[in-house]
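Structure first, then comments.
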Amino acid sequence: MAYEAKTKETDSSVLEFIENVESIKKREDAYQLLDIFTEVTGYEAKMWGPSIIGFGTYHYKYASGHEGDAPLVGFSPRKAKISLYFATGDTDREELLKELGKHEAAKACVYINKVADINVDILKALISQSVSFLQERYPSHT
């Protein structure tokens with residue numbers, strides 16, 4: 001049985017999703033992040049699963065044979081915190097995160113409370129570097 005990725009690109013409206021974010025502050029931050037990610041990546045925002053706003057796409061294949069598609073970068077305005085999604089396995093990320101501002105980092109996610117807590121220029125550098133890293137690691141075959 002083939003493994004089925006849970007998070008897939010959907011045709012849902014990104015703006016509709018943002019409009020349904022309960023907190024007005026989070027909604028404002030989501031629009032600000034939408035502008036930043038769109039500007040830096042040059043990609044149109046797409047919904048991935050029910051709650052991730054992703055930009056660009058790449059196809060990965062692990063040694064285990066598991067493969068699938070994922071957004072190059074993305075974010076999700078969740079109830080508790082805003083999740084930012086960057087490439088995993090990139091050692092340069094750590095250096096940039098030191099200058100990002102108030103955040104918590106997990107393997108694939110960086111969690112922030114609000115955009116005002118972080119340095120937007122560093123965020124832009126993280127987005128750009130993450131996209132470059134993934135495009136080098138997983139060259140597009142289209």
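Residue numbers run from 1 in the order of the sequence given. These figures come from a predicted structure and were not determined experimentally.
The shortest distance between side-chain heavy atoms of R78 and S51 falls below 4.5 Å. Between L72 and T57, every side-chain heavy-atom pair lies at or beyond the 4.5 Å cut-off. Put simply, the side chain of E99 does not reach to within 4.5 Å of the side chain of L126, judged on heavy atoms. Taking the side chain as every heavy atom from C-beta outward, L15 and L34 approach each other to under 4.5 Å. Using a 4.5 Å heavy-atom threshold, the side chains of Q129 and L96 count as touching. M47 has its side chain out of reach of E9: every pair of non-hydrogen atoms, C-beta onward, lies at least 4.5 Å apart.
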Fill in: Derivation of the side chain to side chain contact (heavy atoms under 4.5 Å, CB included) call for S12 and F17
CA-CA 8 Å; S12 301; F17 170 71; over 6 Å; no
Item to complete: Determine, step by step, whether W48 and D69 satisfy the side chain to side chain contact (heavy atoms under 4.5 Å, CB included) criterion, reporting the C-alpha distance in whole Å, the side-chain angles of both residues, the deciding distance to 0.1 Å, and the verdict.
Response: CA-CA 10 Å; W48 285 77; D69 296 305; 4.3 Å; yes
Practice prompt. Could you walk me through whether V110 and L100 pass side chain to side chain contact (heavy atoms under 4.5 Å, CB included), step by step?
Written response: CA-CA 10 Å; V110 173; L100 181 63; 3.9 Å; yes
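V73 and Y138 fall within the same hydrophobic cluster, defined by Ile, Leu, Val, Met, Phe, Trp and Tyr side-chain heavy atoms under 4.5 Å apart, directly or through other members. Taken together through direct or relayed side-chain contacts under 4.5 Å among Ile, Leu, Val, Met, Phe, Trp and Tyr, I118 and Y31 form part of one hydrophobic cluster. Hydrophobic clustering places V120 together with V131 (ILVMFWY residues linked when any side-chain heavy atoms are closer than 4.5 Å, directly or through intermediates). In the hydrophobic cluster analysis, where Ile, Leu, Val, Met, Phe, Trp and Tyr join through side-chain heavy atoms closer than 4.5 angstrom, Y43 is grouped together with F133.
When atom types are taken as modelled, the side chain of K26 and the backbone of I82 share no donor-acceptor pair closer than 3.5 angstrom. Between the side chain of H66 and the main chain of S64, no donor-acceptor pair closer than 3.5 Å is present. Not one N or O on the side chain of H103 forms a donor-acceptor pair closer than 3.5 Å with the backbone of I112. Not a single donor-acceptor pair under 3.5 Å links the side chain of T41 to the backbone N or O of F55.
Between F75 and the options Y85, F37, F86, a ring pair (Phe, Tyr, Trp, His ring centres under 6.0 Å) holds for only F37. For the side chain to side chain contact (heavy atoms under 4.5 Å, CB included) with L33, the qualifying choice from L84, I53, I127 is L84, the only one to do so.
Taking the charged nitrogens against the carboxylate oxygens, K114 and D117 do have a contact shorter than 4.0 Å, which makes a salt bridge. Between E104 and K81 there is a salt bridge, since a side-chain N of the basic residue sits under 4.0 Å from a carboxylate O of the acidic one. K124 has a carboxylate O that lies under 4.0 Å from a charged side-chain N of E39, or vice versa, which qualifies the two as a salt bridge.
Of all heavy-atom pairs spanning P71 and G54, the tightest one is CB-CA, 3.7 Å. Nearest heavy atom pair, residue T10 against residue G49, reads CG2-N, 3.9 Å.
Annotation for E44: atom CD does not count as buried by contact number, only 12 or fewer foreign heavy atoms lying within 6.0 Å.
With 3.5 Å as the limit, one finds no donor-acceptor pair spanning the side chains of S130 and R93.
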